Amino acid sequence: MNRRRFLGRAAGSAAAFGVLRELGACSPAAPAAVAPNAGSADGAATGAFRQLRDQYFVDTLRRYPVVSTYLGGDGYSPALAGVNGTLRDFRPEALADEIAFLKGIDRARQRIDAAALAPADRIDHGVLGAQVAFVLHQLDERHYPERAVDTYVAEPFRGVDWQLQQMQDLAGGARGTADEWELVGRRLRTVPAYLDAARARLLAGRRAGNLPDRRLIAEDGVAGSQANVDYFRSTLPRTAAGYLGKSAAASRTLERLTEAGAAAAAAFDAFARFLRESFPDDGTADRFAAGEQEYDWRLANCLRVDRRAADLWEYGAAQVALYEDRISRVAAEVARDAGLSVSFGNPNERRAAVRQVMQHLSEDSPRDDDELFRWYREAGKRAVAYGREQQLFDIPADYRLDVVPTPPVLRSTIDAAYYPAPPFKHSGVGRFYLTPTGNDPGALRVNNRASVADTAVHEGFPGHDWHYKYMTQHAAEISNIRWLTPGAVEDSSSMWEDSMAAEGWALYSEELMAEPARGRPHGFYTAAEHLYELQGQLLRAVRVRVDVGMHTGRMSFDDAVDYFTEHVSFYPGACAAAGRDDTAHAICATARRAIYRYSKWPTQAVTYNLGKSAIAALRGALSARAGRGFSARAFHERLMRMGTIPAGYFREEMLANPV
């Protein structure tokens with residue numbers, strides 16, 4: 001299907017309302033609004049809202065060029081054709097202009113009566129309000145650009161990397177048109193000025209006492225900048241050479257690109273020095289905690305959940321206990337089948353027994369990273385075959401899943417992750433990233449054969465890869481702002497509303513594949529694989545506990561690391577034993593990397609469990625209403641067509657209209 005066909009192009013009636021009058025002339029022309037829905041909705045209100053929504057969407061992509069690249073914004077509107085050649089403008093005057101624009105959008109939105117809109121537009125009315133509130137909160141209240149170190153380091157790399165992913169395939173194996181390569185070069189040439197603005201914002205934050213956490217400086221700031229130096233100076237020209245071919249024009253393009261990449265690398269080298277000199281690490285100060293008030297606000301505004309931090313703190317502990325019980329029961333089955341002599345008496349014995357079972361399973365580990373990647377690819381193929389066998393979804397014959405190494409600049413944060421193809425363009429492909437271990441023996445044992453299937457399900461099928469490909473196939477049914485990632489795509493500036501939908505679905509998929517089928521008590525998984533699926537569920541329960549704990553002062557960073565190694569890896573005191581045990585060293589390193597990620601992304605870590613729970617609860621409620629006429633497959637397809645917004649936005653609408 002044509003993935004660009006997201007909106008109709010009928011004339012709207014916003015001018016009659018005057019809702020756009022105060023937005024100013026700074027924004028590009030908005031796409032025309034779609035024709036009003038039939039039914040009881042007010043046609044004028046619908047037209048006004050859709051035009052407002054579309055103007056906000058296009059303007060946001062213009063101001064956030066890397067978000068636009070991620071979504072394929074140049075395939076959405078001619079107004080965004082050159083955005084791939086830019087980076088975000090963090091100068092004070094640009095931020096002030098954005099604040100004024102957003103306040104105008106919100107005033108206009110509030111003058112449109114949501115009750116007069118069609119159901120889908122009522123949902124979008126709430127989504128738009130929450131997105132605008134988040135960005136205004138970040139810019140006008142928290143002044144977050146004064147500490148957004150990881151944003152500054154990640155965005156230039158991600159923007160260029162996604163540009164390369166989306167390039168058109170040409171004759172003879174070459175990739176990228178002259179215009180596409182020109183935009184890459186332009187973006188590279190903006191990097192020095194972009195980092196100059198970043199430096200000014202960070203210095204303003206230092207003067208105001210609005211400081212980034214020391215770990216953010218060291219890991220994403222200094223180490224991430226150094227990784228960017230290598231990427232822009234060496235990896236990018238080498239990759240481009242493979243894409244461009246051998247023509248004279250290609251040689252000139254490569255020469256210009258290499259020169260621009262070298263300038264970007266030099267700018268990042270200087271930025272790393274600036275961070276080391278301007279923000280020395282005293283080894284003691286922690287500045288990652290969001291605070292309880294901020295955390296509660298994000299839960300309500302960004303994630304659309306009615307729980308608060310104090311409730312989630314207790315809920316997280318209860319979820320940990322629930323999944324520890326389930327995992328010990330499956331571990332007992334694996335132990336019996338393997339002839340292991342272990343005791344599952346009291347809680348301490350159960351934890352030790354699970355660890356012994358996992359140590360036994362770790363013996364079947366890959367020899368090296370090549371074999372590890374092969375196992376992941378095989379597990380993905382097996383999951384797709386199971387989906388076809390059980391008729392879980394209508395899976396096209398040409399559906400395929402691949403696994404590729406994580407780019408070095410992202411490896412400090414990612415073990416495995418999925419980056420989708422741009423929904424608004426024909427070119428580009430989704431990528432399932434897996435971080436190589438460097439053939440580290442301990443890390444390879446952690447990635448043993450039984451552990452692979454669950455991650456392949458989460459990142460691949462029917463998790464992220466299938467989810468995004470299905471949404472893309474039905475893109476005409478999903479409004480533009482339901483694809484948006486306000487603030488950033490994936491860093492500490494992000495809103496994370498999309499994570500409730502995307503990560504909630506992926507975790508739900510893990511559990512869906514574990515539902516018993518005829519002759520398959522563990523569903524898709526073997527008993528040993530189900531053990532790791534339950535560990536995955538336990539991991540996301542632990543995230544609720546530690547994320548709330550760290551960001552509301554209930555846990556220190558080290559407390560969270562120890563809680564993680566004890567309850568996820570069943571290895572209490574792993575960090576204390578890391579110096580004498582390769583496995584403990586790998587477990588401790590994994591835990592510290594995970595806790596670091598949670599420390600810089602408040603509320604993202606809870607979206608997996610809360611998103612999954614919201615989907616499961618909605619499925620249960622709809623099943624109870626429909627009785628024997630309920631179709632889980634139809635529910636899943638309807639849910640995915642809602643886009644990447646939390647289920648809290650559409651729960652009542654789906655319950656009111658179960659068919």
Side-chain angles (χ1 to χ4, degrees), residues 1 330 333-334 337 361 364-367 369-405 415-421 429-434 447-474 502-537 608 612 615-616 619 631-641:
M1 56 95 53
V330 174
E333 178 183 344
V334 175
D337 291 345
L361 293 174
D364 187 11
S365 59
R367 293 185 300 272
D369 283 336
D370 287 341
E371 186 167 49
L372 174 64
F373 274 75
R374 185 165 63 253
W375 285 2
Y376 266 94
R377 293 180 180 114
E378 290 170 354
K381 290 179 183 177
R382 189 160 54 90
V384 174
Y386 181 81
R388 288 196 173 103
E389 172 194 318
Q390 298 295 321
Q391 299 182 338
L392 296 178
F393 304 95
D394 182 14
I395 307 168
D398 61 352
Y399 174 75
R400 62 185 293 271
L401 175 68
D402 198 9
V403 185
V404 298
D415 290 317
Y418 184 78
Y419 286 90
V429 62
R431 287 191 177 179
F432 176 173
Y433 283 141
L434 180 67
N447 287 279
N448 63 72
R449 188 187 295 271
S451 74
V452 164
D454 180 55
T455 304
V457 165
H458 182 98
E459 305 295 348
F461 178 89
H464 291 318
D465 189 72
W466 174 250
H467 186 200
Y468 277 99
K469 286 176 179 173
Y470 186 90
M471 287 191 294
T472 297
Q473 290 168 356
H474 296 271
E503 298 299 352
W505 169 263
L507 188 60
Y508 173 83
S509 295
E510 295 180 41
E511 213 155 65
L512 176 68
M513 294 287 274
E515 291 179 3
R518 186 173 182 178
R520 311 262 323 224
H522 300 282
F524 160 69
Y525 306 104
T526 65
E529 289 171 339
H530 192 192
L531 183 69
Y532 282 92
E533 187 275 328
L534 289 168
Q535 187 189 35
Q537 298 291 337
Y608 301 73
K612 177 205 75 172
I615 294 169
R619 174 184 170 180
S631 165
R633 176 171 166 175
F635 164 72
H636 294 145
E637 292 173 350
R638 186 180 180 192
L639 180 86
M640 289 190 286
R641 291 196 298 271

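We use all heavy atoms of the structure for the numbers below, so side chains are in, but hydrogens, waters and symmetry mates are not. No experiment lies behind these values; they were computed from the predicted model shown.
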Next item on the list: Report the residues that fulfil ring pair (Phe, Tyr, Trp, His ring centres under 6.0 Å) with Y470, sequence neighbours left out, ordered by chain and then residue number.
Entry: H474
Check: Atom OH in Y386, atom OH in Y525: separation rounded to 0.5 Å?
Finding: 9.5 Å
Next item on the list: Determine the minimum heavy-atom distance between P420 and Y418, stating which atoms define it.
Entry: CA-CE2, 3.5 Å
Check: Shortest non-hydrogen contact from A379 to V452?
Finding: CB-CG1, 3.8 Å
Next item on the list: Please name all residues satisfying ring pair (Phe, Tyr, Trp, His ring centres under 6.0 Å) with F373, sequence neighbours left out, ordered by chain then number.
Entry: none
Checklist line | Of all pairs that satisfy salt bridge (charged side-chain N to carboxylate O under 4.0 Å, His left out), the ones with a partner from residues 380-393, not counting sequence neighbours | finding: R382-E529
Notebook entry, point to check: Looking only at heavy atoms, which two atoms of E459 and A416 are closest? And how far apart?
Noted result: OE2-O, 3.3 Å
Check: Are the side chain of E503 and the backbone N or O of K612 linked by a donor-acceptor pair below 3.5 Å?
Finding: no
Checklist line | side-chain contact (heavy atoms from CB on, under 4.5 Å) partners for A385, two or more places apart | finding: none
Checklist line | Intermediate values then yes/no, side chain to side chain contact (heavy atoms under 4.5 Å, CB included), Y399 and D465 | finding: CA-CA 10 Å; Y399 174 75; D465 189 72; 2.6 Å; yes
Table please: side-chain donor-acceptor pairs of residues 512-524 below 3.5 Å, with sequence neighbours left out.
from : atom 1 : to   : atom 2 : distance (Å)
E515 : OE2    : R619 : NH1    : 3.1
R520 : NE     : G523 : O      : 3.0
R520 : NH2    : G523 : O      : 3.3
R520 : NH2    : F524 : O      : 2.8
H522 : ND1    : H530 : ND1    : 2.7
H522 : NE2    : E333 : OE1    : 3.1
H522 : NE2    : E333 : OE2    : 3.1

Notebook entry, point to check: Residues in ring pair (Phe, Tyr, Trp, His ring centres under 6.0 Å) with Y508, at least two apart?
Noted result: W505, H636
Check: Considering all heavy atoms of both residues, which atom of V384 and which atom of I395 are nearest to each other, and what is their separation?
Finding: O-CD1, 4.0 Å
